[in-house]
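All heavy atoms count here, side chains included; hydrogens, waters and symmetry mates do not. Note on naming: letters A, B, ... go to the chains in the order of the sequence lines (proteins, then strands), and numbering restarts at 1 for each one. In this text, all values refer to a predicted model and were calculated from it rather than measured experimentally.
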There are 2 protein chains.
Amino acid sequence: MDKAEYNAFLSACPSHKLLERISGKWVALILSALGSGPDCAGQPRAMRYSELSRLLAGVSQKMLTQTLRSLERDGLITRTVVATVPVTVSYELTELGLSLFTMMRGLKLWAQTHMDDVFTNRVAYDNASA
Amino acid sequence: MDKAEYNAFLSACPSHKLLERISGKWVALILSALGSGPDCAGQPRAMRYSELSRLLAGVSQKMLTQTLRSLERDGLITRTVVATVPVTVSYELTELGLSLFTMMRGLKLWAQTHMDDVFTNRVAYDNASA
DNA sequence: CTGTATCCTATATGATACTG
DNA sequence: CAGTATCATATAGGATACAG
């Protein structure tokens with residue numbers, strides 16, 4: 001069956017798997033926070049759960065935890081627990097995660113250069129239909 | 001309210017909007033088809049609806065049409081109708097769409113280089129939990 | 001050939017309450 | 001502080017039937 005073959009192709013395609021990995025609502029933001037620091041312009045550094053929670057003001061606890069876990073699972077960040085009272089947990093980019101963060105700078109550059117054009121086209125298209 | 005401000009930030013962030021634009025299940029595949037041709041290695045060229053439908057064997061008519069329309073709306077592809085009987089419709093990358101396709105080559109390169117590491121880590125993580 | 005219209009399901013995300 | 005558990009909702013995606 002064609003569909004089965006194609007789904008197999010999709011499952012095997014590295015680009016497709018990368019898109020699935022980075023397309024979550026909070027993935028890019030967490031990588032950006034850990035890669036650029038809270039001011040979005042500094043050096044990579046570890047951040048605590050509460051610090052991330054405050055920086056990404058719109059994130060729910062569920063999604064923050066879930067996204068952090070999945071990034072840890074994929075070896076993109078590390079999770080470090082210090083047994084203070086109360087407990088202290090910090091997250092930091094791995095080498096692999098840093099490499100992903102760096103790659104996404106290219107994506108960011110394209111976005112900054114061209115997304116305005118995209119949205120201009122979108123508005124024009126909608127006006128033409130109306 | 002923090003959340004409102006953060007959502008406003010999200011809505012304004014070009015990188016985030018770009019990820020929303022390219023993260024659809026069929027977006028990258030359609031761009032790739034129009035940018036590389038059916039053999040995924042050639043030159044950019046126009047393709048007909050039925051040709052895309054055959055190449056992307058897993059896509060439903062609904063999703064193919066919907067994705068093509070949204071890409072046209074954003075000025076990434078053009079839709080050309082020739083009034084034969086029955087009608088002939090072809091799609092082609094615009095300059096902007098071609099530029100996006102080119103940018104995604106960098107993403108593809110990262111994926112080909114590093115996604116195996118990611119999945120190796122993932123398996124190791126799952127085994128450690130079990 | 002190139003779609004539209006309708007219904008249906010799966011998944012992602014979010015809100016809220018509770019805990020070591 | 002750093003989560004977990006549960007419930008609710010929105011949206012993406014797909015199956016199927018029909019049409020110019």
Asks: Measure the distance from CE on B/Met63 to C1' on D/dA15 and round it to the nearest whole Å.
Replies: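 Going from CE in B/Met63 over to C1' in D/dA15 covers 13 Å.
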Asks: For B/Val89 and A/Gly24, take the nucleotide of DNA chain C holding the closest heavy atom to each; which residue's nucleotide lies nearer the 5' end?
Replies: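 The residue closer to the strand's 5' end, by nearest nucleotide, is B/Val89.
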Asks: Over how many whole Å does the gap from B/Glu20 atom CD to D/dA12 atom P extend?
Replies: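 After rounding, the gap between these two atoms is 9 Å.
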Asks: Answer yes or no: does a side-chain N or O of A/Arg69 lie under 4.0 Å from OP1 or OP2 of D/dT4?
Replies: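 A/Arg69 to D/dT4 OP1/OP2: side-chain N or O found under 4.0 Å.
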Asks: Any side-chain N or O of B/Arg79 under 4.0 Å from OP1/OP2 of C/dT2?
Replies: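 For C/dT2, OP1/OP2 do not have a side-chain N/O of B/Arg79 under 4.0 Å.
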Asks: Rounded to whole angstrom units, what separation is found between the CD atom of A/Glu72 and the P atom of D/dG3?
Replies: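 So the two atoms are 9 Å apart, to the nearest Å.
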Asks: Once you round to the nearest 0.5 Å, how far does NE2 of A/His16 lie from CG of A/Leu10?
Replies: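 CG of A/Leu10 is found 4.5 Å from NE2 of A/His16.
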Asks: Distance only, no hydrogens: is a donor on one side chain within 3.5 Å (strictly under) of an acceptor on the other, for B/Thr102 and A/Trp110?
Replies: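 Short answer, no.
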Asks: If I take atom NZ in residue B/Lys25 and atom P in nucleotide C/dA12, what distance separates them, rounded to the nearest angstrom?
Replies: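 After rounding, the reported distance stands at 12 Å.
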Asks: Would you call the rings of B/Trp26 and A/Tyr6 parallel, tilted or perpendicular if under 30° counts as parallel and over 60° as perpendicular?
Replies: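 Parallel: the ring planes of B/Trp26 and A/Tyr6 meet at under 30°.
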Asks: Provide, to the nearest angstrom, the distance between the CD atom belonging to B/Gln61 and the P atom belonging to C/dT4.
Replies: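 Whole-Å distance recorded here is 10 Å.
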Asks: Would you please confirm or rule out a distance under 4.0 Å between OP1 or OP2 of D/dA2 and any side-chain N or O of A/Ser50?
Replies: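 Yes, within the criterion.
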Asks: Which nucleotide, C/dG14, C/dT2, D/dG3, lies nearest any side-chain atom of A/Tyr91?
Replies: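 Selected nucleotide: D/dG3.
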Asks: Do you know the tightest heavy-atom contact between A/Leu19 and B/Leu107?
Replies: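 That closest heavy-atom pairing would be CD2-CD1, 4.3 Å.
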Asks: Judged by each residue's nearest nucleotide on DNA chain C, which is more toward the 5′ side, B/Lys62 or B/Val87?
Replies: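 So the residue in question is B/Val87.
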Asks: Look at the side chain of A/Pro86 and decide which nucleotide, out of D/dT4, C/dT2, D/dC1, has an atom nearest to it.
Replies: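 The nucleotide sitting nearest to the side chain is D/dC1.
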Asks: Taking any heavy-atom pair under 4.0 Å as a contact, classify B/Ser53: base, sugar-phosphate, or nothing.
Replies: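 B/Ser53: no heavy atom of the nucleic acid under 4.0 Å.
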Asks: Between A/Leu52 (CG) and D/dC1 (P), how many Å, whole number?
Replies: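 So the two atoms are 13 Å apart, to the nearest Å.
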Asks: Measure from CG on B/Leu64 to P on C/dT4 and round the result to the nearest Å.
Replies: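 For the pair B/Leu64 CG and C/dT4 P, the rounded distance is 11 Å.
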Asks: Of the nucleotides D/dG13, C/dC1, D/dC1, which has the atom closest to the B/Arg48 side chain?
Replies: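 Taking heavy atoms from C-beta onward, the closest nucleotide is C/dC1.
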Asks: Quick one: does B/Arg21's side chain get under 4.5 Å of B/Ser70's, heavy atoms only?
Replies: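 SC-SC contact between B/Arg21 and B/Ser70 confirmed.
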Asks: Let me know the distance between CD of B/Gln66 and P of D/dA15, rounded to the nearest Å.
Replies: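 My rounded result for the distance is 14 Å.
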